[in-house]
Trainee: 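Dropping the structure in here first, questions after.
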Amino acid sequence: MYLIALTGGIASGKSLVASRLRDLGAVHIDADQLAREVVEPGTDGLREIAQEFGPDVIDSDGALDRAALGARVFGDAEKLAVLNRITHPRVRELATARIQEAAAANPAAIVVYDVPLLAEAGGRHALPFDSIVVVHADESERVRRMIEYRGMSRDDALSRVGAQASDEERLAIADVVIENTGTVDQLMERVEEYWSELSARGAGSSQPSVGGPA
């Protein structure tokens, strides 16, 4: 198995890259989806969040009220750290399980772990990635996309970019950079070139990066 961490700033095109890699044959694991799963109704994660932040972060259906929780932790580093201590270990545990499942199903699998905030942690992660791939577009281009395609104000777009790692911080952790400064077709060509390079050097033919259950 060959384990890739895929990351990129908001509006970089990371989701397009992830989708194309999945179409080409990669196993795609989405960290954001895992983060939602570990706080679903009935989970220990959700119960612990309710204990720490109060019952008002749970909606009438018993699900996490993300807006209420976001308002509680926004701008409060201490509360955000508490939330991260609840969710991050559970996400890592679930990610490890999903990666193990992929390796068991196909020892030659190429697994893409889609993790938006990898650079914010300085590239450190409990999972033993074989490669870190950064989808890159300049900040000005990403701001333009958010205004043009997502209907954001310029101030909102700049605020979203400013809340994430800088381009320099993301590029510093990259083993591979996929540039997304042109058209979607050009981006897809670059992704396909990368996939061909992986296939040519036999990525995925080694033993699984993540072993059996602890």
Side-chain angles (χ1 to χ4, degrees), residues 1-9 12-48 63-64 66 84-136 170 173-178 180 184-185 187-214:
M1 186 192 71
Y2 193 80
L3 181 59
I4 296 167
L6 178 68
T7 194
S12 65
K14 178 182 61 63
S15 296
L16 287 172
V17 172
S19 178
R20 186 58 184 145
L21 288 171
R22 183 176 59 245
D23 291 344
L24 289 167
V27 177
H28 178 233
I29 300 172
D30 185 348
D32 283 344
Q33 175 59 35
L34 300 185
R36 289 188 286 273
E37 290 184 35
V38 300
V39 294
E40 287 179 346
T43 61
D44 290 339
L46 186 60
R47 282 191 288 272
E48 192 169 344
L64 180 64
R66 296 182 181 279
N84 288 342
R85 284 198 296 272
I86 294 169
T87 59
H88 286 186
R90 290 178 168 87
V91 170
R92 286 194 294 270
E93 182 179 0
L94 186 54
T96 299
R98 296 286 168 83
I99 292 165
Q100 290 169 351
E101 290 169 6
N106 178 12
I110 296 176
V111 178
V112 174
Y113 186 50
D114 187 341
V115 51
L117 301 180
L118 186 62
E120 283 73 2
R124 297 183 300 277
H125 203 284
L127 299 177
F129 299 120
D130 293 298
S131 183
I132 296 176
V133 176
V134 171
V135 183
H136 174 67
R170 259 188 300 274
I173 68 170
D175 298 306
V176 175
V177 177
I178 297 178
N180 182 21
V184 171
D185 286 344
L187 175 62
M188 295 300 100
E189 288 176 7
R190 294 184 183 112
V191 175
E192 288 159 14
E193 288 172 4
Y194 172 60
W195 183 260
S196 295
E197 291 169 3
L198 286 176
S199 301
R201 66 174 184 253
S205 62
S206 62
Q207 294 298 311
S209 296
V210 179

Trainee: Any non-hydrogen side-chain atom of T7 less than 4.5 Å from a side-chain atom of V133?
Mentor: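 Sidechains of V133 and T7: no contact.
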
Trainee: Residues in side-chain contact (heavy atoms from CB on, under 4.5 Å) with E93, at least two apart?
Mentor: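 Here no residue qualifies.
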
Trainee: Would you please name every residue forming a side-chain contact (heavy atoms from CB on, under 4.5 Å) with V38, sequence neighbours left out?
Mentor: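 V38: side-chain contact (heavy atoms from CB on, under 4.5 Å) contacts with R90, V91, L94.
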
Trainee: How long is the span from the CD atom in E189 to the CD1 atom in I178, to the nearest 0.5 Å?
Mentor: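 E189 CD to I178 CD1: 13.0 Å, rounded to 0.5 Å.
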
Trainee: Are any non-hydrogen side-chain atoms of V112 and I29 less than 4.5 angstrom apart?
Mentor: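 They are not in contact (no side-chain heavy atoms under 4.5 Å apart), so the answer is no.
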
Trainee: How would you list, by chain and number, every residue that makes a side-chain hydrogen bond (donor to acceptor under 3.5 Å, both in side chains) with R36, sequence neighbours excluded?
Mentor: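 Checked R36 against side-chain hydrogen bond (donor to acceptor under 3.5 Å, both in side chains); matches are Q33.
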
Trainee: Kindly write out the residues that satisfy salt bridge (Lys or Arg N to Asp or Glu O under 4.0 Å) with E37, not counting sequence neighbours, or none if the list is empty.
Mentor: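 Per chain and number, E37 pairs via salt bridge (Lys or Arg N to Asp or Glu O under 4.0 Å) with R98.
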
Trainee: Nearest 0.5 Å, what's the OG-CG distance between S15 and D30?
Mentor: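 The CG atom of D30 is 7.5 Å from OG of S15, to the nearest 0.5 Å.
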
Trainee: Which pair of heavy atoms, one from M1 and one from A103, lies closest together, and at what distance?
Mentor: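 Heavy atoms only, the tightest pair is SD-CB, 3.8 Å.
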
Trainee: Quick one: list whatever passes side-chain hydrogen bond (donor to acceptor under 3.5 Å, both in side chains) with H28, sequence neighbours left out.
Mentor: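 R22, D114.
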
Trainee: Is the closest side-chain heavy-atom distance between E101 and V27 below 4.5 Å?
Mentor: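 Sidechains of V27 and E101: no contact.
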
Trainee: Is it true that a side-chain atom of T96 and a backbone atom of R92 form a donor plus acceptor pair closer than 3.5 Å?
Mentor: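 Between the backbone of R92 and the side chain of T96 there is a qualifying donor-acceptor contact (under 3.5 Å).
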
Trainee: Using the salt bridge (charged side-chain N to carboxylate O under 4.0 Å, His left out) rule, collect all pairs that involve residues 103-113, keeping only residues at least two apart or in two chains.
Mentor: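 Listed once each, the pairs would be none.
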
Trainee: Do L127 and Y113 come within less than 4.5 Å of each other through their side chains, counting heavy atoms only?
Mentor: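 Contact flag for L127/Y113 side chains = yes.
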
Trainee: Provide the closest heavy-atom pair for L118 versus A5 in the form atom of the first, atom of the second, distance.
Mentor: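 The pair with the smallest heavy-atom distance is CD2-CB, 3.8 Å.
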
Trainee: To the nearest 0.5 Å, what is the distance between CD1 (I110) and OG (S199)?
Mentor: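 Separation between the atoms: 5.5 Å.
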
Trainee: Has the side chain of N180 got a donor or acceptor atom that lies under 3.5 Å from a matching backbone atom of L187?
Mentor: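 Flag not set: sc N180 to bb L187 has no pair under 3.5 Å.
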
Trainee: Given the rule in the side-chain contact (heavy atoms from CB on, under 4.5 Å) test, do V176 and V134 qualify, once you have shown the distances and angles that lead to the verdict?
Mentor: CA-CA 6 Å; V176 175; V134 171; over 6 Å; no

Trainee: Would you please name every residue forming a side-chain hydrogen bond (donor to acceptor under 3.5 Å, both in side chains) with R47, sequence neighbours left out?
Mentor: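 Expected list: D44.
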
Trainee: Residues two or more places apart in sequence or in another chain: which of them pass salt bridge (Lys or Arg N to Asp or Glu O under 4.0 Å) with E192?
Mentor: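 Residues passing salt bridge (Lys or Arg N to Asp or Glu O under 4.0 Å) with E192: R20.
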
Trainee: With sequence neighbours left out, write down each residue that passes side-chain contact (heavy atoms from CB on, under 4.5 Å) with A63, or none if nothing qualifies.
Mentor: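 Counting only residues at least two positions away or on another chain, A63 forms a side-chain contact (heavy atoms from CB on, under 4.5 Å) with P41, D59.
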
Trainee: Taking side-chain contact (heavy atoms from CB on, under 4.5 Å) as the definition, give me every residue that meets it alongside V184, ordered by chain and number, with sequence neighbours left out.
Mentor: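 Partners of V184 under the side-chain contact (heavy atoms from CB on, under 4.5 Å) test: L16, M188.
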
Trainee: Is there a side-chain contact between Y2 and V111 in this structure, where contact means two heavy atoms from C-beta onward sitting under 4.5 Å apart?
Mentor: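 Heavy-atom side-chain distance check fails, nothing below 4.5 Å.
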
Trainee: Contact between H136 and S12 at the side-chain level, heavy atoms closer than 4.5 Å - yes or no?
Mentor: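 They are not in side-chain contact.
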
Trainee: For G8 versus K14, what's the shortest heavy-atom pair and its separation?
Mentor: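 In this case the closest contact between G8 and K14 is N-CD, 3.6 Å.
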
Trainee: Considering residues at least two apart in sequence or located in another chain, which fulfil the salt bridge (Lys or Arg N to Asp or Glu O under 4.0 Å) criterion with R190?
Mentor: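 Per chain and number, R190 pairs via salt bridge (Lys or Arg N to Asp or Glu O under 4.0 Å) with no residue.
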
Trainee: Would you name the heavy atoms of V135 and G13 that are closest together and state the gap between them?
Mentor: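 So the two residues come closest at CG1-C, 4.0 Å.
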
Trainee: Where do F129 and I4 come nearest, in terms of heavy atoms and distance?
Mentor: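 Looking at all heavy atoms of both residues, the closest pair is CD2-C, 4.1 Å.
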
Trainee: Heavy atoms, side chains only, cut-off 4.5 Å: are V17 and Y194 in contact?
Mentor: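 With C-beta onward as the side chain, the pair stays apart.
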
Trainee: Taking only residues two or more places apart in sequence, or in another chain, which ones meet D175 in a salt bridge (Lys or Arg N to Asp or Glu O under 4.0 Å)?
Mentor: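 Salt bridge (Lys or Arg N to Asp or Glu O under 4.0 Å) list for D175, sorted by chain: empty.
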
